[in-house]
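Scroll down for the structure; my scribbles are underneath it.
Values below: all heavy atoms of this structure, side chains included; hydrogens, waters and symmetry mates excluded. Below, chain A is the first sequence line, B the second, and so on; all start at residue 1.
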4 protein chains.
Amino acid sequence: MPSVPRKPDPTRRSERSRQAILEATRELISEVGYAKLSVEAIAARAGVGKQTIYRWWRSKGAVVFDSFLALSEGVDGMALPDTGDIEADLKAVIRATVAEFADPTFEAPIRALNLEIASDPDLAAQYREKLAGPVDEAKKERLRSAQRAGQIAADADLDLALELLYAPLYQRWLLRSGPLTPEYADAVVDHVLRALRP
Amino acid sequence: MPSVPRKPDPTRRSERSRQAILEATRELISEVGYAKLSVEAIAARAGVGKQTIYRWWRSKGAVVFDSFLALSEGVDGMALPDTGDIEADLKAVIRATVAEFADPTFEAPIRALNLEIASDPDLAAQYREKLAGPVDEAKKERLRSAQRAGQIAADADLDLALELLYAPLYQRWLLRSGPLTPEYADAVVDHVLRALRP
Amino acid sequence: MPSVPRKPDPTRRSERSRQAILEATRELISEVGYAKLSVEAIAARAGVGKQTIYRWWRSKGAVVFDSFLALSEGVDGMALPDTGDIEADLKAVIRATVAEFADPTFEAPIRALNLEIASDPDLAAQYREKLAGPVDEAKKERLRSAQRAGQIAADADLDLALELLYAPLYQRWLLRSGPLTPEYADAVVDHVLRALRP
Amino acid sequence: MPSVPRKPDPTRRSERSRQAILEATRELISEVGYAKLSVEAIAARAGVGKQTIYRWWRSKGAVVFDSFLALSEGVDGMALPDTGDIEADLKAVIRATVAEFADPTFEAPIRALNLEIASDPDLAAQYREKLAGPVDEAKKERLRSAQRAGQIAADADLDLALELLYAPLYQRWLLRSGPLTPEYADAVVDHVLRALRP
DNA sequence: CGATAAACGAGACGGTACGTCTTGTCTTACG
DNA sequence: CGTAAGACAAGACGTACCGTCTCGTTTATCG
């Protein structure tokens, strides 16, 4: 009589339930916030048994994570604008990022996602692989284009470049340590480009 | 029947209880982690009634926060080393910061503190005022010294400078998105100093 | 260093506080019922420190008890009507008792008192001595008068007689096991008088 | 968000938990007395979650009540002895009742039950229907037999008769207003039978 | 009259228990 | 066998009171 939990058979998984759970999760995060999100409420809202959630996800955080992953599923083929002017292009992108952070609609869910990732190394790994990775690759592609155009040092560390560009915004937003304005976006870009100049 | 909650009288507060609570909180975070920290356990460990906690703190997060605040109480008169060489000084400081982040002893508590701050705007404000503020001021003082020495542009935005220096580390650590090595510390300093050059 | 609790000095007792406590107790029993009565609420309502209650009373029940005792303080010199007709006199008295039980104003407090007495042998003893005793004596005096008039057996056990008269009412009221009507009162008197006939 | 409390589904109720709760309740009343009985302790002793108690019972009193109800479940087919001599039979029964009241083992639980009933009209109604009703019916049946035998007036009010017989005992016991002896039992029976004579 | 000691109001304290909420597991009935 | 439903054991939540323990502040004798 083995007490090893049988693994569920993925082929029999109900797609309808899965979708309902992810959608209910997104709704509830917007409505009550992440701190007050409960598995109980997700199951009720999704019209699903709690066991169905526990069968397919390790933790509440994993559900939250997947509910975001599902959103950005079709967004793979993303590419940053490339007008040939790296400064203009980056400012546009960073300003857009700032605007997104400032949008109160995204505030709660993105914060929930980030707290979950910061708490759970497994989710962080998934996050890097499934979400951040592809996006970062697209960003680095634009930087490589700038390298080819001689606007950025050929030997620049592009991972570090991305961190210099995005981390200040991220930190300000997460810790609410200062205003996120377009001017701030521009200033960051200006500084980072100066650091990366050939 | 007034629903206005009576405010506790701070003059009658038991210092012994306050200390016991903060200490118990620190111990428990180290032992069971922040996610499993409960007010009930804090009270039990501190030999204190739960009401004594709820009387003086708004939330579990506020207790956690204060338990850290208490630690760094005497650290006000801090000042960064100033050998006259801003690059060497910054590299030393940033390498030290990286080492601190890597120390597994501090990992759990600092992460707990950061999650708490990221979740609660009130605590974030307190954090800036009581903890980050003074520390940042000391850091900026060192940068001002570099400005006077002509090593950094006289009109540099020092708040932004700090963010460029520290946010990449912070992000890597929080999201575990990359290794935190002395080399990385040096690279960040090199880039930022290039951006700030007169 | 004796840990024997100093006994309070009765001569210094604040009559104003004592009255306020007893009055607040009576009010609160009427308002929230006995089950939800708390020492905390009594103290608050009376504008009195909790210690002042604990200094002078052993328990909440003792306060409740005293609050009733205080009411019936001046009622010592009571005597039952004596028209010479024991049947008519008893019916009048028992009907009055029934009416008192039925009065919703007295319902809650009397019930509280009785529950307290039933729970606490000490209070029961006090009750017999200070409240029930004198009243019963007056009732027995009327029965003795009936004995002298030859309406009741000369050797009747008057304590038993009182119980036969009052206990049926008491039980019906306490357990709500039947209606308390004037007809019921008369029926009880009729039966008991038959049992006591010479 | 409906505030209507979901009703539990009685078909899924765990009989094992129900029994454990009722048994733990009986044990605890005997051990610590009714006043110090707590839902928390019942749940712990029964190895049951508190919610399982609150799911199926309105109040602590209801649990106490049911724990007694459960005891006297099979006792329906009760009948009083009928030797043809109503006086002897009643004396035997009333003496037995007196003895039961005097038994210290039953003292605490029965008192708890009575206090609960006296406090809560709902429980009182249940008590009459489920416990007192059947028992009283059996007693009245014996009295009817006496009526047929011409030992008691044919038109006697049997409910009143029962109250005259039992209420004096009940009152003495509950208020501890006098000793409960076999002689007392006999005296009550003698008086009541005199009152009921044809 | 002024010292001093007790009772006083206020309310913080260590605790217990409350009744509710959520977690993760288990059971039942259906498809 | 996955599922919706939901009961279950466990235990934390935040609140209400308990009875004890300081705090100053009256108050009321007594030196």
Side-chain angles (χ1 to χ4, degrees), chain A residues 5-6 8-14 16-17 20 36-41 43-44 46-56 58-60, chain B residues 5-14 16-17 20 36-44 46-56 59-60, chain C residues 5-14 16-17 20 36-44 46-56 58-60, chain D residues 5-14 16-17 20 36-44 46-56 59-60:
Chain A
R6 274 177 304 98
D9 176 352
T11 67
R12 315 196 63 168
R13 181 166 189 178
S14 158
R16 138 194 282 277
S17 291
K36 296 198 170 177
L37 181 67
S38 71
V39 174
E40 202 114 328
V48 137
K50 279 200 293 176
Q51 197 57 43
T52 302
I53 297 180
Y54 285 111
R55 186 159 25 235
W56 301 109
R58 290 194 306 95
S59 69
K60 187 174 68 178
Chain B
R6 265 182 308 100
K7 265 206 208 138
D9 176 353
T11 69
R12 318 196 68 177
R13 182 165 190 179
S14 159
R16 139 192 283 276
S17 292
K36 295 198 172 176
L37 180 67
S38 71
V39 174
E40 205 119 317
I42 296 173
V48 139
K50 280 201 287 177
Q51 199 59 40
T52 300
I53 297 180
Y54 286 110
R55 183 156 30 231
W56 301 109
S59 69
K60 188 175 66 176
Chain C
R6 270 182 305 99
K7 268 209 203 136
D9 175 353
T11 68
R12 317 196 62 160
R13 181 166 190 177
S14 160
R16 140 194 281 275
S17 291
K36 296 198 170 176
L37 181 67
S38 71
V39 173
E40 205 117 325
I42 295 173
V48 137
K50 281 200 289 176
Q51 197 62 261
T52 300
I53 296 181
Y54 286 110
R55 185 159 24 234
W56 302 110
R58 290 194 307 94
S59 69
K60 186 176 69 176
Chain D
R6 265 185 307 102
K7 266 209 204 133
D9 175 352
T11 68
R12 319 196 63 169
R13 181 165 191 177
S14 159
R16 139 194 283 275
S17 291
K36 296 198 171 176
L37 180 68
S38 71
V39 174
E40 206 117 319
I42 295 173
V48 138
K50 281 199 289 175
Q51 196 64 268
T52 300
I53 296 181
Y54 286 110
R55 191 170 8 246
W56 301 109
S59 68
K60 187 175 66 176

Worksheet item: Which comes earlier along DNA chain F counting from the 5' end, the contact point of C/Arg58 or that of B/Ala41, where each point is its nearest nucleotide?
Response: B/Ala41

Worksheet item: Less than 3.5 Å between a donor and an acceptor, one on the side chain of D/Arg13 and one on the base of F/dA7, is that the case here?
Response: no

Fill in: Base F/dT29 paired with C/Arg12 side chain (donor-acceptor, <3.5 Å)
no

Response to the item:
note: D/Ile42, atom CD1; E/dG19, atom C1'; distance rounded to Å ~ 14 Å

Provide a list of protein-nucleic acid N or O atom pairs under 3.5 angstrom, restricted to nucleotides 9-11 of chain F.
| unit_1 | atom_1 | unit_2 | atom_2 | d |
| --- | --- | --- | --- | --- |
| F/dA9 | OP1 | D/Ser17 | OG | 2.9 |
| F/dA9 | OP2 | D/Gly49 | N | 3.3 |
| F/dA9 | OP2 | D/Thr52 | OG1 | 2.8 |

Practice prompt. Looking only at non-hydrogen atoms, find the nearest pair between D/Ser38 and D/Lys60 and report the distance.
Written response: CA-CD, 4.5 Å

Worksheet item: Given F/dT3, is OP1 or OP2 found less than 4.0 Å from the side-chain N or O atoms of A/Trp56?
Response: yes

Item to complete: Check every atom of F/dC13, F/dC18, F/dT3 against the side chain of C/Lys60 and return the nucleotide holding the closest atom.
Response: F/dC18

Discussion item. Going by the rule salt bridge (Lys or Arg N to Asp or Glu O under 4.0 Å), which residues pair with B/Lys50 if we only count those two or more places apart in sequence or in a different chain?
Written reply: B/Glu40

Worksheet entry | Heavy-atom pair with the smallest gap, counting every atom of B/Ala43 and B/Gly49 | CB-C, 4.3 Å

Discussion item. I need the OH-P distance between C/Tyr54 and E/dG11, as an integer number of Å.
Written reply: 17 Å

Response to the item:
C/Ile53 CD1 to F/dT20 P, in whole Å, measures 13 Å

Discussion item. Just the rounded figure in Å: distance from C1' of F/dA12 to NZ of A/Lys36.
Written reply: 15 Å

Response to the item:
On a heavy-atom basis, the closest approach of C/Leu37 and C/Ile42 is CD1-CG1, 3.9 Å

Worksheet item: Taking the side chain of B/Pro8 as its heavy atoms from C-beta onward, which of E/dT22, E/dA12, E/dC18 lies nearest to it?
Response: E/dA12

Practice prompt. Evaluate whether atom CZ of A/Arg16 has more than 12 neighbouring non-hydrogen atoms of other residues, nucleotides or ligands under 6.0 angstrom away.
Written response: no

Worksheet, complete the sentence: When every non-hydrogen atom of B/Trp56 is compared with those of B/Asp9, the smallest separation belongs to CH2-O, 3.4 Å

